[in-house]
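I'd like to ask you about the structure that follows.
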Number of protein chains: 2
Amino acid sequence: MKNNNGYSCWLQYDLLGQAAREAAVEWAQDIVLTEAAEQGPLKTAVDELTAGMAAMLGKRPAIVPAPVTGRRYILLGTVGGSAHVARLIGGGETSAFGEESYRIKTVCEPDREAIVLAGGSGKGLLYAVFHFLRLIVTGADLGSLDVTEQPKYGLRMINHWDNMDGSIERGYAGRSFLYADGRVLSGSPRIRDYARLMASIGINGIAINNVNVHRQETMLLTEQLLPDVAAIADAFREYGIRLFLSANYASPVELGETATADPLDAEVAAWWQRAAERVYRHIPDFGGFVVKADSENRPGPFTYGRDHADGANMLAAALKPYGGLVLWRCFVYNCQQDWRDRTTDRARAAYDHFKPLDGRFMDNVVLQIKNGPMDFQVREPVSPLFGAMERTNQIMEFQITQEYTGHQIDVCYLVPQWKQVLEFDTLVKGEGSKVKDIAAGRVHPYSHCGITAVTNVGDDDNWTGHHLAQANLFGYGRLIWNPELSAEQIAAEWVRLTFGDNSEVASAVTDILMESWPAYEKYTSPLGVGWMVRPHLHYGVDVDGYEYSKWGTYHFADRDGVGVDRTVATGTGYAGQYVGANAERYERTSSCPDELLLFFHHVPYTYRLQSGKTVIQHIYDTHFEGVEQVEQWIVRWRSLEGKLDAERFRHIGERLARQLDNAKEWRDVVNTYFYRKSGIPDQGKRVIFV
Amino acid sequence: MKNNNGYSCWLQYDLLGQAAREAAVEWAQDIVLTEAAEQGPLKTAVDELTAGMAAMLGKRPAIVPAPVTGRRYILLGTVGGSAHVARLIGGGETSAFGEESYRIKTVCEPDREAIVLAGGSGKGLLYAVFHFLRLIVTGADLGSLDVTEQPKYGLRMINHWDNMDGSIERGYAGRSFLYADGRVLSGSPRIRDYARLMASIGINGIAINNVNVHRQETMLLTEQLLPDVAAIADAFREYGIRLFLSANYASPVELGETATADPLDAEVAAWWQRAAERVYRHIPDFGGFVVKADSENRPGPFTYGRDHADGANMLAAALKPYGGLVLWRCFVYNCQQDWRDRTTDRARAAYDHFKPLDGRFMDNVVLQIKNGPMDFQVREPVSPLFGAMERTNQIMEFQITQEYTGHQIDVCYLVPQWKQVLEFDTLVKGEGSKVKDIAAGRVHPYSHCGITAVTNVGDDDNWTGHHLAQANLFGYGRLIWNPELSAEQIAAEWVRLTFGDNSEVASAVTDILMESWPAYEKYTSPLGVGWMVRPHLHYGVDVDGYEYSKWGTYHFADRDGVGVDRTVATGTGYAGQYVGANAERYERTSSCPDELLLFFHHVPYTYRLQSGKTVIQHIYDTHFEGVEQVEQWIVRWRSLEGKLDAERFRHIGERLARQLDNAKEWRDVVNTYFYRKSGIPDQGKRVIFV
């Protein structure tokens, strides 16, 4: 097997098996195209299909204006732009097509068969092409295709935390491929490859710089750097992706052009209007601003005695004439908390700050809300703010980069976590008010909404550091296209596209992925308590690392018990931010789900979980089990030698070994820590260091 | 009062009071000099005396070859070089003078009075001059002087941990004044000022670069940088100071000139011989090398299967023809320890590594041994290696820079700590085998020995960051000149020289200094256990910060007790490295001094100390007391407003406020940590956060 550095990710068209190639090759003669396709996604769709089939099948199809009698063909077109498409697909079901929707259908006419790829626009067609290529690779029966797709979410975004010095905040896959040494790498061919990857999984918006916007990145809004930004936007546009920028709330002050950033100051508003005009002159389809304000020492409206509606609306007014959005992050909390203060609860902060502002935001403001109330821990409850504001657009923020989930050294397939979040029923409008539907604007009539996530890519050859971390990037795109897909379906699809059709490899990788989030949770922090990580680094164990810090992140373990009392009755009241039965469920230990028990309650080590185990025994058991899981993966991985390319076999094996070291350290430190505190021995009499 | 930025330290000749000036001014007419004083310390002595008296008295004395009848005069000379000196002082008592000894004596001849400053050499005379100037400032009766001094230690050294990029490892007073941006600042006038300061307290050897020698610093041994080093040595030489360099053990490999650094390899030995020849060509009085080998990931002889005698002797052989020394550090331990391994004890390491090598080192090797077995904690026992090697030269290493003792943010006057170390009776040759005498070569017949310390200076205006940290630098020099001085005497002298003669200021500052080390110990880690600091930074509290680390630094606190069992009976056996009654005293809890109890023993929180308190109550009490002490200093400091210059009043007040914040954080975290673990309430019912 040829060594594979992973650069092509899931677009590895040389993996096609013999049978699939034979079945597909007879379709690789004519592509019928009746529309002009000179630029934009429509042209990209044609190019991708032609190149993809050529790469897979060794035969480049011809682009022809009409079918040849008796010969199979592929018909490519948009529902509004091609009468031929309309005739073969039928008007009725496509009339309601959004521009991102598409249909793929095999049509048997008397004299010949055709596969029709029909998009609601060039963009829809591009998605159809990537889908069709996937179908070929995965050996679908091309003689009976019938697929209709439309994305569930309007905004399907990626956030980069790349800085212009080339570093990536919380990046674990090398340096930035967007910037180096204070420059924008606008000429890099990698950016186009990246846009292609993102389009292939349906991403339609990318914010290209870190939400912590420092001096150099503030310059992205100026004439000096906008031509470079526009060059990236051009590459994105070909793949149907709008470019967003993270904006420094104090930009005009940072650039020395106003004395204040007060949102109610006319000069400030005028500055942002000029900035918007400037940006749209360079990038007519610019998406808008992502803003982290008044958070972790970033500037914001609080500095001027204004609230977040004042702040966001001022920016929104500047962007509105051009159709731009303000994605306003709700990650606002007191990061100078005194650990002695037991009344302040960081988990409450986003809800307490934003909920009272419902209805005050302009229509082109979207509140960007992290999936949990804290910060991307391995386990958190769903943020109670999501769906709590009926009259305010919201977008859900996930984290693909494995900040708290193993740094792309440890395997941690996050799609199951995201699915749990999406399936959570908030009850905000009664039963059936699931996160997945709120984010789609189906619970409240949001005009702009969807899902965003912090990406995990860098300039490593394989984009994501760990080869298996590609599954998170792929899975994110697939899931937010269609949240009804199961985590396992997505994993299996990714494995097939990435590793080919060896069933032993496929089942091993799929199993490892599916077991990986539970395993990571087991050997790290127990029962939803979180934060037992090395401060700042966020990899590796330090049980008390955040315990006496200013970050609002405590577990309160003492000799008797552990956990944070967030009940209404005796704690911080956070549980009361949920609605109805959810609030009740979290309020009582008896009904609180085991996996979140220590997030909501401080309980004795001897407290018996719904699982029947005591808390302390659960801690010991899961920590031993987590390590055993990794050991089993290593055995299984070794059995794959020779069944995949040597490079990825070696690379993944080496990361698994590092993961095992990490897991053992977590196990032993956590078990020893709690044994020293509780004095309660392990019922299994396994080794716990004293 | 004129603002004082502290640059002159204890050489502030403008502080003289009216009475002292009047008493001294009549001596400021003639300085009689009968010897040639064209260069070197003798010339410096003349210049310093002239300039010092001019600055203090407003009148520059004349240098004359003979006294004028009827006029008082000061006679300056060396015992071997001036018949006039010999006549006035008398030959008997000065015939045994070492070159660093001196005498200061008022002589009443029938026709006139003279003050004789007589040195064993120009260097001794220079020390006499600084001493005489101190006597003037402190208002001594110049009519009846009679002082004879000789330093107790041959090597009175300073180690810099400065790097060529301008950073200082564990430096808390700004950047380096020796290097910047990879260059040696050999032209900087500050270097001469520094040599003057050091000579004024008797320092006679300075190693100018960090013991962690990286690539750029390895170049200090090459023709490229030796001219710069020589320029510094020239400045030092005028003040009687020999320059030393820290050497990278793998220098020839680092420079790409040999393939190995094996000490038994002939090519390696030849390389070092050439290096020594080169260095001495530039610096004829070069002192030698300080070497940190096989320690904290530095290269060393272990890499080649050789021991430290092999390694040190190879370097010593290269330096021997020129009279150079090898100061070989004994800070060698396993810094990749597994915290799970309870049998390895870092405290044992230096003794275990070096003791078996006694007698194998060349005569110009000196083992450099940190005062304690761990690493400059606020409290440690004395290293059992010191004095344990009868046939191997040793030098004691202290740390002036406040790495673990408050970063020159907190006041911590360390002279009392050093005195305790020096007064420790090792019993290695029976009672009376004190560290202070071992370091002087009076217990074993060491040919080279003395005291060294890591300095606390940087390019801050006042050299040491905190003005009060100057007391440590001054105190170090004074103490190792004469270890019989009390810590309080030294403090009082320093305060008088630095702050002038306001008695309220003097007594406040002296009190704060004398109370400061006990206070720092109280609010930080209790009973000798150490290491409850923020990892790497070493400032601020993190009780478990080093508990599960690779550094061999644990306290083993659990719900029942705390401390490290280092007994022979049940622990690591470290206590057995001491001799006789010392070993017995440390071995038993009943005889172990309270302040070291947790260093040697793991005891229950309810264990009753010799003080009568339980361990847990001692922890609570000392942590409250430590904070109260700082609060009292602040009150007292505020009362000094207007009694010293505004700049130092403000600066020290601001540091005290920061110290109070630090002390409170230590108090609350330590108390909460142990309350959570032990569950035992404070008898005083004071606030302990749960």
Side-chain angles (χ1 to χ4, degrees), chain A residues 336-344 532-537 540-550 554-565 570-571 602 604-605 616 623 661-662 664-681 686-690, chain B residues 336-344 532-537 540-551 554-565 570-571 602 604-605 616 661-662 664-681 686-690:
Chain A
Q336 295 292 337
Q337 190 176 331
D338 190 326
W339 62 268
R340 303 164 185 86
D341 164 19
R342 291 288 283 260
T343 61
T344 301
M532 294 177 173
V533 289
R534 289 216 189 103
H536 187 71
L537 182 67
V541 58
D542 185 347
V543 180
D544 273 2
Y546 276 105
E547 189 59 13
Y548 302 94
S549 77
K550 63 184 182 180
Y554 316 115
H555 54 64
F556 302 120
D558 61 21
R559 74 199 314 262
D560 302 315
V562 58
V564 188
D565 184 351
T570 57
H602 186 90
Y605 294 118
I616 190 70
H623 283 81
D661 286 346
N662 186 39
K664 284 180 173 172
E665 188 71 10
W666 271 96
R667 174 195 66 192
D668 291 338
V669 171
V670 169
N671 284 348
T672 295
Y673 180 96
F674 284 104
Y675 176 72
R676 286 187 184 174
K677 272 215 157 127
S678 71
I680 300 171
R686 292 159 290 193
V687 175
I688 294 179
F689 298 88
V690 294
Chain B
Q336 295 294 335
Q337 188 175 332
D338 190 327
W339 61 269
R340 304 165 186 84
D341 165 19
R342 292 288 282 261
T343 60
T344 301
M532 293 178 174
V533 289
R534 288 217 189 101
H536 187 70
L537 182 67
V541 59
D542 186 347
V543 181
D544 273 2
Y546 276 105
E547 188 58 14
Y548 302 94
S549 77
K550 63 183 181 180
W551 295 101
Y554 316 115
H555 54 63
F556 302 120
D558 61 21
R559 75 199 314 261
D560 302 314
V562 58
V564 188
D565 184 350
T570 57
H602 186 90
Y605 294 118
I616 189 71
D661 286 345
N662 185 42
K664 284 179 173 172
E665 188 71 9
W666 271 95
R667 173 194 67 192
D668 291 338
V669 171
V670 168
N671 284 348
T672 295
Y673 180 96
F674 284 104
Y675 176 72
R676 286 187 185 174
K677 273 216 156 126
S678 71
I680 300 171
R686 292 159 290 192
V687 175
I688 294 179
F689 298 88
V690 294

B:G540 and B:N662: which non-hydrogen atoms are nearest, and at how many Å?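 Minimum heavy-atom separation between B:G540 and B:N662: CA-OD1, 3.7 Å.
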For A:R559, is there any backbone N or O sitting under 3.5 Å from a side-chain donor or acceptor partner on B:R559?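 Side chain of B:R559 to backbone of A:R559: a pair is present.
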Which residue out of B:K677, B:R676, B:E665, B:R534 racks up the most heavy-atom pairs below 4.5 Å with chain A?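 Highest number of pairs under 4.5 Å: B:R676.
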For A:E547, is it the side chain, the backbone, both, or neither that has a heavy atom closer than 4.5 Å to a heavy atom of chain B?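 The side chain, not the backbone.
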Region of A:V690 that comes under 4.5 Å of a non-hydrogen atom in chain B: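 Contact with chain B is through both the backbone and side chain of A:V690.
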Region of A:R342 in contact with chain B, defined by heavy-atom distances below 4.5 Å: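 Contact with chain B involves the side chain of A:R342 alone.
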Quick one: does A:M532's side chain get under 4.5 Å of A:Y546's, heavy atoms only?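 Contact flag for A:M532/A:Y546 side chains = no.
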Would you say B:W551 and B:H536 make side-chain contact, with heavy atoms under 4.5 Å?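 Contact flag for B:W551/B:H536 side chains = no.
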Among the listed options A:S549, A:A557, A:P535, A:G545, the residue most often paired with chain B at heavy-atom distances under 4.5 Å: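 Ranked by heavy-atom pairs under 4.5 Å with chain B, first place is A:A557.
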Hey, which of A:D338, A:V669, A:D544, A:D558 has the most heavy atom pairs under 4.5 Å with chain B?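 The candidate making the most pairs under 4.5 Å is A:V669.
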Quick check against the 3.5 Å criterion: does A:H555 have a side-chain atom that pairs as donor or acceptor with the backbone of A:V543?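 Flag set: sc A:H555 to bb A:V543 pair under 3.5 Å.
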